[in-house]
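These notes concern the structure reproduced below.
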Amino acid sequence: MSNHLPRKKARVSRLDDDETSMKSRLLNPLQKQREQLPIARGREALIREIQQNDTTILLGETGSGKTTRAFVSHHATAFAPHDSTLSTEVPQYILESGIAGKGMIAVTQPRRVAATSLAARVAAEKNVTVGGLVGYSVRFDEASSSETRIKYVSDGMLVRELLSDQLLSRYSVIIVDEAHERTLRTDFLIANLKTIQSARNSRRDVNGKGKSPASALNPLKLIIMSATLDAEKFSRFYNNARILYVKGRQHPVQIFHTSTSQTDYVDAALRTFFQIHTDKPPGDVLIFLPGQEDIESLEKSIKMYARRLPEERMSVLVCPMYAALPPTQQARIFSSTPSNTRKCILATNIAETSITIPGIKYVIDTGKCKEKRYLSKDTGGGFDTLLTRDITKSSAMQRAGRAGREGPGFCFRLYTEDAFNAMALSAEPEIRRCSLTQSVLQLKCLGQDFEAVDFMDPPEIGSVMSALKTLWLLGALDNSKTLTALGRQMASFPVEPYFARIILASKTHGCTSEVIDIVSILSSSSSLFLDISDQRDAIADARSKFRHASGDHMTMLNALRAYQEIAASESKGARKDWCRQHFVNERTFVEAMKIRDQLRQTCQRVGIDRHASMADNEEPVLRCFVTGLVQQSAFLQPDGTYKQTLGHSVIKIHPGSTLCDKKVPAIIYDELVYTSQIYARDVSSVPKSFFSNVTPVAKEA
DNA sequence: GAGCACTGC
C-alpha cells in the first residue's frame, strides 16, 4: 500500500520548493514560524491559482511516508491528517494578496471550538486582537467588527446567515474547511454556494469589465479544503475545478496490522497495551474504542492487571475520555503524566477530530465506532439506530496520525491489512443518514425544494418524503407542500422543528416560560443527568428529589428550578458541589440557559409572551409537548411493551427514564434509538384523550 | 436494564 490518493495528474498541481519568494521583513516570532512551514514555499503559486480560478480544491496532504517492516504482521505507509496550517495560512495569503477586494473572507468549520481557536491563532500571528481584522462568529459567541476581513464561522452559522442574505454578498471569498467531514450543514453550503457563485459571477460577465458597477454583484471565489481521499469528487461537483495538493507536516507513524482477525477487540486491546507497556520505551498510549461501555470495561481490566505488575516497572495511569464524561474527569487527560508513569487514554472518536491530546506516541485502533443512522420506514425502521460498525479508511488514517503529532509514533491496528483494504474510503455523508426535517424547512424558507437542489450526494428520496410528512404533521407545510406562516415562525427558532412547534403551541396554552425551560435542556448538546454505571443506585436516589409523576420532562424542569435556587443564593463552589451530589451535569444547565436566552429573544420577535406561566400545573405543558411530539407517541400493550401510535414498532422505555417499569397507558418521547432494543428516551406520561385533534392540519394514521 | 460525535441571527 503506498498511496490512496485517486488523483489525475493532469489537473493536480503540487506546490513545491520552486516557489520561494518571501520577502524578509521584521517579524514577530509567530510570523517567523509561519514562514518556515512547508506551505509557505508554494505561496505565490497558490495565490496565482486562486486568482485564476473561481473555485479551487485544496488538498492537505497527510504525512510523509515511512515504510517499516512490522514485527507481528504487515507493514504500511504512514498517513496522517494535515494539521491546521492550511486553515490559518490560506486566509492570510488571500487577504495579503488583495484577492478578496473589499469583501470579507469567511472560513467555515464544522466545530465551534475550531472556529474560535483558529481565529485566536491567526490574530496572534498578525499581532492584532480577535474581533478586529480577524474575527469569528459561532452560536452564543461572536467577535467581529466593521474592520473584520477574515472571519472564522461555524458551518451552521453560515447556513443561518444564508437565510437572511441569500447571496452571502458580504463575502468575496468563502473557504469551506474540513469539507471531507461532510456534515449535513457543509453539504447544504456546498450545494448553495455553487448556485450563489453562478448567480454572482455570471452577472459580473453581463455587466462587463467595470461598467455599471452599481448593479454588479461582487464575484465569489470558493476554496474547498479537504484531507485527501475524495478531492476528485469535489472537483467534479464544481465543474472540474483545479485541485491543488499541499504537502503536510507530520512525523512518521509506523503502522502494524494483526495477522489474523480478532474476535474480541476489548481483549485484544488489553493484550496489545501490555505488550507496549512491557516492550516499548516511554510514551503515552491512546486506545480508540466505540463507546462508554467498552471503555469502562477495559478500564477495569487494565487497572486490575496493572496492579499485578512488578514494583520496579513504570506504573499505569488510565484515563477514560468520552463526551458524556463529567468535565473534571475529562480534564485529567491534559494534565502532564507523572514521572515513571505511562498514561493510557481510552477514548471514543472524540479524540479523532475534536480534541488533540499531547504526548501520544502509541495508538491502538480497534477499528470500531458507533454510528447514529436513521433507519427509514420502508426498510422496517422509522427510528434512529446507534450500532457499532467498522470505521473507514479516512478514520483509520486519522487515528494513526494521532501518534505522530509530536514525534515519530506507532499505531497498532487490531485488524488485518485485508480488513483495512476492505474498509469504505470515507463515511457516508450525513445527508444520507440523518433526519432532514430541519434542512427541508430551511430550504423551504429560501424558496427551494430539497428534491430539486443539486447536492453532491443526493439524499434518499424516502428520507426527504419522511421529512416532508413530519413538517406537514407539524403544520409547517400545507396540503400542497407550501410553507405556512406557522412553518416560517418555526424556522426562526434555532431548535429542531418539533421543539419549535412545542414552543409555538405554548402561546395557546399560556405556559411559554415552562416550555422554554424544558426545551432548552432538551436541545443542549450533553444530557442533564449523568450516567456512571457503577453508581446507578446512588444516582436514582439523588434524582428522586426532582421526580415528577408525569415523567422526565417535568423532572428536568424541577431539576432546573432547584439548580436556579442554588445558583441564586450559593457560591460557585457550592453550586458545583450541589451538581456533583445530585449527579447532574452543570455544563448542560449553563448551555441550556444560553439557549433559553435565544429562545426568549425569538419569542419576543414572533410575538409570544415569554413570561406566560401556569406555575405548577403540568397539564398545559404536556399538551404543548403532545402537539410537537405527535409522531413520537406510543400506547401500552397488554405485555407491558409500547406500540407506536403512528407506526408499527414495538418499543421499550429506556432504563434511565423515571417512567421505566411504570406501565402508564400512553407516552410521548423525544427520541427513539435502537441499540440492543428500541428504546424511547426522555419520556412523559399523558392521558390518551390528549391525542385527539392535536394538530391543526393533520388527522391521519 | 443502559448513549458515537457535532451544530444552530
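Reminder, nothing fancy here: chain letters follow the sequence lines and each chain counts from 1.
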Assign [X] to base, sugar-phosphate, or nothing according to its heavy-atom contacts below 4.0 angstrom with the strands shown.
X: F493(A); answer: nothing
X: E371(A); answer: nothing
X: R111(A); answer: sugar-phosphate
X: S154(A); answer: sugar-phosphate
X: T675(A); answer: sugar-phosphate
X: I350(A); answer: sugar-phosphate
X: F140(A); answer: nothing
X: V138(A); answer: sugar-phosphate
X: E296(A); answer: nothing
X: S525(A); answer: base

Once you round to the nearest 0.5 Å, how far does CD1 of I678(A) lie from OH of Y642(A)?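 Between I678(A) CD1 and Y642(A) OH, I get 15.5 Å after rounding to 0.5 Å.
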Separation of I431(A) CD1 from E460(A) CD (nearest 0.5 Å): 11.0 Å
Rounded to the Å, how far apart are [X] [atom1] and [N] [atom2]?
X: L441(A); N: dT7(B); atom1: CG; atom2: P; value: 22 Å
X: D531(A); N: dG1(B); atom1: CG; atom2: P; value: 16 Å
X: E142(A); N: dT7(B); atom1: CD; atom2: P; value: 17 Å
X: Q109(A); N: dT7(B); atom1: CD; atom2: P; value: 11 Å
X: Y642(A); N: dG1(B); atom1: OH; atom2: P; value: 16 Å
X: Q442(A); N: dT7(B); atom1: CD; atom2: P; value: 16 Å
X: R160(A); N: dT7(B); atom1: CZ; atom2: P; value: 15 Å

Over 12 non-hydrogen atoms of neighbours within 6.0 angstrom of CG in D639(A): yes
Are OP1 or OP2 of dA2(B) and a side-chain N or O of S676(A) less than 4.0 angstrom apart? yes
Could you tell me whether the side chain of R536(A) has a donor or acceptor atom within less than 3.5 Å of a complementary atom in the base of dA2(B)? yes
Please work out whether the ring planes of Y679(A) and H654(A) are parallel, tilted or perpendicular, with thresholds of 30° and 60°. perpendicular
D155(A) side chain to T183(A) side chain, donor-acceptor N/O pair below 3.5 angstrom: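 Yes, a side-chain donor-acceptor pair sits under 3.5 Å.
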Closest-nucleotide mapping onto DNA chain B: is G156(A) or G656(A) further toward the 5' terminus? I mean the 5' end. G656(A)
